[in-house]
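Accompanying notes for the structure given below.
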Amino acid sequence: MASLRAHVFAWMVRRNVRDRLGRSLDVERMRSTFEATAFIEPRGVAYEPGAVGGIPGEWVRRPGGTAGPRLFYLHGGGFVACSPRTHRPVTGAFARRGFTVFAPDYRLAPEHPFPAGLEDALAAWEAFAAEGPAAIGGDSAGGNLALALMLRARERGLPLPLAAVLFSPATDFVGTGASYIENGQRDAMFDPEVLRHLAPLYLAGADPTDPLVSPLYADLAGLPPLLLHVGAREVLRDDSVRLAERARAAGVTVSLRVFPVVPHVWQFAHAFLPEAHASLNAASTFLRAHARRETREPAA
């Protein structure tokens, strides 16, 4: 059962995001809407500019003490908006839970369409992974890039993450899931028309069924364990549900949870939303379990 706060938060998101975005896409309006949304940055965390593999970004970690499990986090924003700074509520939450996080500031469309953002993410990941075992995470567009990055890393023989946590990832640019229709009016953040207008800005003529664009159509065999969290009322619900089905069929370990009522990427609201707190706790536990497994296996 959803909390009362989930219902209130979904109403707030509909009023402040969906109603403002409307049905047609204006990139500058999307950027200003997403980047103006204020959530609390977790305290006791240091946010430091840096670069990995020549890609700028931000390190997020607790100052002092022993470095925790390493997490490479790709922010969402519809491929056209947001940055590591806007996603501090999420990266900071992981840092508060003991993770050492790097969030790359990858290039955005429409100025830099596919595959620019993926190329940046892959370059940063290659250097990040060279320093030792790490996990990967991402939300929405960032979840898409995390999946595409793993596919490209597998193809090139680069290290794969220990595990991946994906919050409401976009996995199907063709939009074939039933939730695109069923949740067209219920989604608190997106009108499906906005997503349809957004796709060409990122694709710039690329094939929407390319597995690096739509990981739902990829051969998922050999990917690391995946945790997927998505809202039952999201337009993108079936992007997660169907990906989980295909991944399991390919032999991948998958943990899928569909949360009632909550809006897209509700993890931002962990300061007051119990469902967000629960999601981040579950993701952290999942990642830590696979990090511990990695440290045990070489000695076996």
**OP:** Enter the distance from R20:CZ to D26:CG here, rounded to the nearest 0.5 Å.
**Re:** 10.0 Å

Original post:
Can a cation-pi geometry be assigned to R288 and F99, taking NZ or CZ under 6.0 Å from the six-membered ring centre and within 45° of the ring axis?
Top reply: yes

**OP:** Would you indicate whether E126, at its atom CD, is surrounded by more than 12 heavy atoms from other residues, nucleotides or ligands within a distance under 6.0 Å?
**Re:** no

**OP:** Give a yes or no on whether E155 atom CD has more than 12 heavy-atom contacts from other residues, nucleotides or ligands under 6.0 Å away.
**Re:** yes

Original post:
Within a reach of under 6.0 Å around NE2 of H197, are more than 12 heavy atoms found that belong to other residues, nucleotides or ligands?
Top reply: yes

**OP:** Check the angle between the aromatic planes of F167 and F94 and answer parallel, tilted or perpendicular using the 30° and 60° thresholds.
**Re:** parallel

**OP:** Look at the rings of Y73 and H87 and say which category their plane angle falls in: under 30° parallel, 30 to 60° tilted, over 60° perpendicular.
**Re:** tilted

Subject >> Over 12 non-hydrogen atoms of neighbours within 6.0 angstrom of CZ in R257 >> reply: no

Subject >> R237 and E234 ion-paired at < 4.0 Å >> reply: no

Original post:
Can E111 and R31 be counted as an ion pair, charged N to O under 4.0 angstrom?
Top reply: yes

Original post:
So, F79 versus F173, ring centres under 6.0 angstrom or not?
Top reply: yes

**OP:** Any pair with a residue in residues 171-181 that passes salt bridge (Lys or Arg N to Asp or Glu O under 4.0 Å), sequence neighbours left out, goes on the list, sorted by first then second residue, please.
**Re:** D172-R242

Original post:
Looking at F128, is R70 sitting on its ring face, NZ or CZ under 6.0 Å from the six-membered ring centre and within 45 degrees of the normal?
Top reply: yes

Subject >> Mutual orientation of the aromatic rings belonging to F9 and F272 [parallel < 30°, tilted 30-60°, perpendicular > 60°] >> reply: perpendicular

